[in-house]
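This structure is a prediction, so every number in the text was calculated from the model and none was measured. Atoms within each ligand, like the ligands themselves, are counted from 1 in listed order.
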Amino acid sequence: MENGVFKLRKEHVNFKKLLSLFDKQLDLLHKGKPSDYRLMADILYYMTQYTDLVHHPIEEVIFKLLAIRDPGVVENVTELTKQHQTIGNSGELLYKKLENIINYESDIKKSQEIEMLGRLYCSTLRIHMDKEEQSLFILAERLLNNDDWEKIRSDTETKPDPIFGEAIEARFHLVCDKLAQPTSDK
Ligand SMILES: [Fe+2]
Ligand SMILES: [Fe+2]
C-alpha cells in the first residue's frame, strides 16, 4: 500500500479549497450582501459525510498506532482525536442551521450567528489540519512501514470521495462548479 499520509495530505489540500469557498460566502454575509446558503450547506454536508466519516477515522487508526510506537505523542493524539469530535459536532450543528435557513427562515436575523459559527468552524479545522501536517503526519511517514499501512487499510473503511473522487455526486455539482471558476469569480 502506498504511504497513507500522502492521501491524507492531498485531502487536506481539498478541504482547504472548500474552506476558502466557504470563507468567501462568510465575507459576503459580513458585508450584508446576498450569500449562497445552498453552497455553504453543501460544503458542510461534505465535511460531515466525508471528512468526519472517512478521513478522521482513518487518521485515528494511524494515530493510535503512533501512540503505541512513541508514547511521547499520546497527549497530541488525544488532543487531535478530541478535536475530531468537536469539529464533527460543530459541523453538524452549522449544517442544520444552514438547512433551516434555506427551508424555513429568512436569513436576516441569522446571518451574524452563521458568520460567527462559520468563522470558528473554518479556523478550528485549519488549525487542526496544520497541526496534523506538522506533527503526526511527519511521524507516521517516519515510523510506519508497508506492513503497518497494509494493516491500517484492513482496519479502516473507506468510500469514494463524492467531490474530488472519480465520480461527482449530483448534490455536489454546485460546489464543483464553484471550485472550477477562476478565483476572482468565486
Ligand atoms: Fe484530523
Ligand atoms: Fe486530517
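- Within a 6.0 Å radius of NZ in K151, other residues, nucleotides and ligands contribute 12 heavy atoms or fewer.
- No donor-acceptor distance shorter than 3.5 angstrom exists from the side chain of D70 to the backbone of L66, with no hydrogens or angles considered.
- The name of the N, O or S atom in H12 nearest to the Fe ion (ligand 2) is NE2.
- A cation-pi arrangement is absent between R9 and F137 under the rule of less than 6.0 angstrom and at most 45 degrees off the ring axis.
- No donor-acceptor distance shorter than 3.5 angstrom exists from the side chain of D155 to the backbone of I152, with no hydrogens or angles considered.
- Atom-to-atom distance recorded for I114:CD1 and L94:CG is 5.5 Å, nearest 0.5 angstrom.
- Panel detail: the Fe ion (ligand 1) has protein N, O or S atoms under 2.8 Å away, 4 in number.
- Of the possible donor and acceptor atoms, one in the side chain of Q25 sits under 3.5 Å from a partner among the backbone N and O of D36.
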